S.K.: 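The structure follows.
Owing to the predicted nature of the structure, the values given are computational and were not obtained by experimental measurement. For ligands, and for the atoms within them, numbers begin at 1 and follow the listed sequence. All residue numbers refer to positions in the sequence shown, counting from 1.
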Amino acid sequence: MRIVLLGPPGAGKGTQAVRLAERYEVPHVSTGDILRFVVAWQTDIGMRAKSFMDEGELVPDDLVLELLRIRLAQEDALQKGFVLDGFPRTLPQAEALDKILAEIGQAIDVALDLRVPPELIVLRLSARASCPTCGRTYNLLASPPREEMKCDRDGAPLLVRDDDRPEVIQQRLGVFERQTRPLVRYYEDRGLLRAVDGAGSQDEVLERMMNEIESVQGTVA
Ligand code: AP5
Ligand code: MG
């Protein structure tokens, strides 16, 4: 399966991508996670990307595409597919993705658009902590880890993201509206879009997403 997850910051893309990747045995590819990794390692791309991320702006397409190409060329993604989380974010990224896949005779199977009201987004992002090792996210109010600020799965100390400050959250929401929202139409025009209500418990949202995936799976197999 080749799944794209759309939706605003805090919609639950990362949370559900981890679970979908486990369920369908495909890699979880998050450009946000990859970017945070290259920033932490102070690579050339990381150093160029950092200021955009700190301000809640999108990292330029050419940098993100360079990282994505490398990741999608790895054997697991080539063989099994992927859950793409946080990519594409602009029309040029969506077009580039289609081109990269077409070159190897592949295509996106479904784009799931997670829809969550803005007030819930702010609540969720203000309570988020994530594991830098396995990518699992926690809502410190609704679903905290068993041990304070430690990942249930691997015990790593949890991190609060630099861009989850209130003013940067607002900036990210504005960027989403201007630059990423048009992708809904892009995937709708291609018959690939499935809207999913992202409010409710994590299990409820996962079930809705799986229902949509399974409704297209018959046509993909
Ligand atoms: P990125 O890391 O992609 O961040 P984002 O899109 O802003 O989205 P988030 O990760 O904040 O939200 P999410 O939908 O994953 O929510 P989560 O599951 O964590 O990007 C960060 C930055 O990197 C960008 O600003 C940009 O600079 C750059 N970047 C990345 N990709 C790029 C690209 N393609 N092009 C250019 N620049 C790029 O959930 C949020 C919280 O809610 C968590 O605490 C979670 O536990 C909780 N939660 C989730 N679901 C539920 C539920 N059902 N009930 C209760 N709580 C829930
Ligand atoms: Mg995320």
S.K.: Heavy atoms only: give me the nearest L68-L84 pair and the separation to one decimal.
M.R.: CD1-CD2, 3.8 Å
S.K.: Enumerate the atoms of ligand 1 whose separation from the nearest heavy atom of L125 is less than 4.0 angstrom.
M.R.: 11 (O)
S.K.: Within a distance under 4.0 Å of any heavy atom of E57, pick out the atoms of ligand 1 and give their elements.
M.R.: 26 (C), 27 (O)
S.K.: Give, for atom CZ of R124 and atom CD1 of I169, the distance between the pair rounded to the nearest 0.5 Å.
M.R.: 13.0 Å
S.K.: Heavy-atom contacts with G14 under 4.0 Å: which atoms of ligand 1 show up? List them by number with element.
M.R.: 13 (P), 15 (O), 18 (O)
S.K.: Distance under 6.0 Å and angle within 45° of the ring axis: does R190 meet both against Y186?
M.R.: yes
S.K.: Going by the order shown, which atoms of ligand 1 are within less than 4.0 Å of some heavy atom of S201?
M.R.: 53 (N)
S.K.: Compare A142, G12, G200, G7 and give the one whose heavy atom is closest to atom 54 (N) of ligand 1.
M.R.: G200
S.K.: Any idea which atoms of ligand 1 are less than 4.0 Å away from a heavy-atom of Q93?
M.R.: 33 (C), 34 (N), 35 (N), 36 (C)
S.K.: Select one of side chain, backbone, both or neither to describe which atoms of P60 lie under 4.0 Å from any atom of ligand 1, heavy atoms only.
M.R.: neither
S.K.: Under 4.0 Å from a heavy atom of T15: give me the atoms of ligand 1 that qualify, with their elements.
M.R.: 17 (P), 18 (O), 39 (O), 45 (C), 49 (C)
S.K.: At less than 4.0 angstrom from any non-hydrogen atom of R36, what atoms of ligand 1 do you find?
M.R.: 2 (O), 21 (C)
S.K.: Minimum distance, heavy atoms only, to atom 20 (O) of ligand 1: which one of K13, R89, M53 is it?
M.R.: R89
